[in-house]
Amino acid sequence: MTEFLETGESSLKGLNQARQWLAHTERLAVLTGAGISAESGVPTFRDGGTAFWSQFKPEDMASEKGFRRDPALVWRWYQYRRELIAAVQPNAAHLALASWAGQHPGRMTLITQNVDGLHERAGSPGVLNLHGELMKNRWLERGCGRCSMEEVVGAEPPRCAHCGNLLRPAVVWFGEALSPVVWNAAESAANTCELMLVVGTSGAVYPAAGLALRAKRNGAKVVIINPQPSELDEVGDVLLRGPAAMLLPALLAA
Ligand code: BV8
């Protein structure tokens with residue numbers, strides 16, 4: 001593993017090495033985490049004072065058990081995040097990925113742990129949302145067969161007017177399985193890619209973080225972009241220490 005620090009000529013070496021690999025890559029996989037949205041003003045989960053998990057316990061806020069215990073509290077937290085996301089824009093990192101994908105059709109598979117939808121808003125096609133989508137809802141229970149999002153009562157959270165079934169955010173909570181279709185596509189990309197960019201993730205959450213090791217084991221080069229050390233660093237062939245909104249445009253520029 002080679003560590004290239006953010007400043008000085010060594011980071012240029014790292015960047016040039018990553019650019020060389022990219023130039024010869026037919027199958028690129030990108031795995032992003034909350035850090036890629038940090039420069040859009042979206043708090044991450046585990047780093048810095050504003051990180052979500054420094055204010056709330058994940059099991060209370062991002063689990064079915066926590067939601068059943070206090071549906072109004074969890075619903076309000078997601079509504080707060082929805083309002084925050086609606087008010088921000090994709091940043092240069094999101095846009096650089098979308099632009100590269102547009103110039104190299106079919107060569108990038110973008111896999112994200114984020115639920116903020118900023119990759120889609122930047123124009124990236126076919127995003128694999130491992131952990132679901134914040135702006136969408138789904139029913140908590142199987143329901144009465146007449147549950148319709150047009151016929152709800154109450155607000156925090158809304159519930160089916162016929163059977164009281166609660167609406168919940170269409171995200172994957174801790175302890176919940178990922179969508180098999182999305183996960184299989186992500187695994188397949190990790191199995192077949194020649195290069196994986198791992199951007200803005202602490203590598204703390206599984207099975208998502210395992211995709212980097214899977215890529216490595218299939219013989220791919222792994223480039224990590226993160227201003228801080230992460231749990232995936234030992235998997236990296238090159239570590240680019242710095243913010244995604246600076247490093248991704250530099251790496252992906254034509
Ligand atoms: C499951 C949606 C099984 C909700 C989220 C071992 C193996 C498998 C599972 C487990 C295991 N051990 C424990 C588990 C269970 C658990 C887990 O992984 N727990 C962890 C905490 C130990 N996993 C699960 O429960 C998963 N499900 O395993 O199901 C199963 C199977 C069959 C049937 C039933 C069950 C589901 C996990 C999904 C949880 N949902 N999100 C929501 O968002 O509200 S996870 C949550 O964490 C977010 O999605 C987030 O994206 C994700 C990962 O965090 P990161 O993205 O990495 O964010 P973080 O803040 O940690 O790091 C940010 C990084 O950015 C930092 O490194 C920072 O330095 C960097 N950064 C900052 N600024 C910048 C930057 N980088 C670049 N540029 C910058 N400017």
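Numbering of ligands and ligand atoms starts at 1, following listing order. By convention here, the first residue in the shown sequence is residue 1.
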Non-hydrogen atoms of Leu134 and Ile85 that approach each other most closely: CD2-CG1, 3.7 Å
Closest to atom 77 (C) of ligand 1 among Pro227, Ser230, Pro43 (heavy-atom distance): Pro227
Ligand-residue contact atoms, ligand 1 with Arg81, heavy atoms, under 4.0 Å: 42 (C), 43 (O), 44 (O)
Between His94 and Ser37, a side-chain donor and acceptor under 3.5 Å: yes
Shared hydrophobic cluster, Leu95 / Leu247 (ILVMFWY, side-chain heavy atoms < 4.5 Å): no
Closest candidate by heavy atom, reference atom 45 (S) of ligand 1, pool Gln228, His131, Glu133: His131
Axial cation check for Trp139 ring with Arg142, 6.0 Å and 45° limits: no
Interfacing atoms of ligand 1 (cut-off 4.0 Å, heavy-atom, Ala38): 73 (N)
Numbered atoms and elements of ligand 1 in range of Gly33, under 4.0 angstrom, heavy atoms: 56 (O)
Phe45 N/O to ligand 1 N/O under 3.5 Å: yes
Val205 neighbourhood, listing ligand 1 atoms whose heavy-atom distance to it stays under 4.0 Å: 18 (O), 37 (C), 47 (O), 52 (C), 53 (C)
Heteroatom distance test (Ile225, ligand 1): nitrogen or oxygen, under 3.5 angstrom: no
Atoms in ligand 1 flagged as close to Glu39, the criterion being non-hydrogen separation under 4.0 Å: 78 (N), 79 (C), 80 (N)
No-hydrogen, no-angle side-chain donor-acceptor test under 3.5 Å, Gln79 and Arg82: yes
Atom 13 (C) of ligand 1 protein-contacted, heavy-atom criterion under 4.0 angstrom: no
Check: Thr201 N/O within less than 3.5 Å of ligand 1 N/O: yes
Atoms of ligand 1 close to Tyr78 [distance to a heavy atom under 4.0 angstrom, numbered from 1]: 4 (C), 42 (C), 44 (O)
Trp173 N/O to ligand 1 N/O under 3.5 Å: no
Atom 26 (C) of ligand 1 protein-contacted (non-hydrogen atom, under 4.0 angstrom): yes
Ligand 1 atoms in contact with Ala34 (distance to a heavy atom under 4.0 Å): 55 (P), 56 (O), 58 (O)
Short side-chain donor-acceptor distance under 3.5 Å, Ser188 and Asn191: no
Met61 touching ligand 1 at heavy-atom level, < 4.0 angstrom: no
Minimal non-hydrogen separation, Ala93 against Ile36, with atom names: CB-CG1, 3.6 Å
NZ/NE/NH1/NH2 to OD/OE distance under 4.0 Å, Glu194 and Arg107: no
Electrostatic pair Arg81:Asp116 at N-O distance under 4.0 angstrom: no
Test: Lys136 and Glu120 ion pair at under 4.0 Å: no
Residue part near ligand 1, for Ala204, under 4.0 Å between non-hydrogen atoms: backbone
Joint hydrophobic cluster, Trp75 plus Tyr78, side-chain heavy atoms closer than 4.5 Å: no
Enumerated ligand 1 atoms positioned under 4.0 Å from heavy atoms of Gly175: 24 (C), 25 (O), 34 (C), 35 (C)
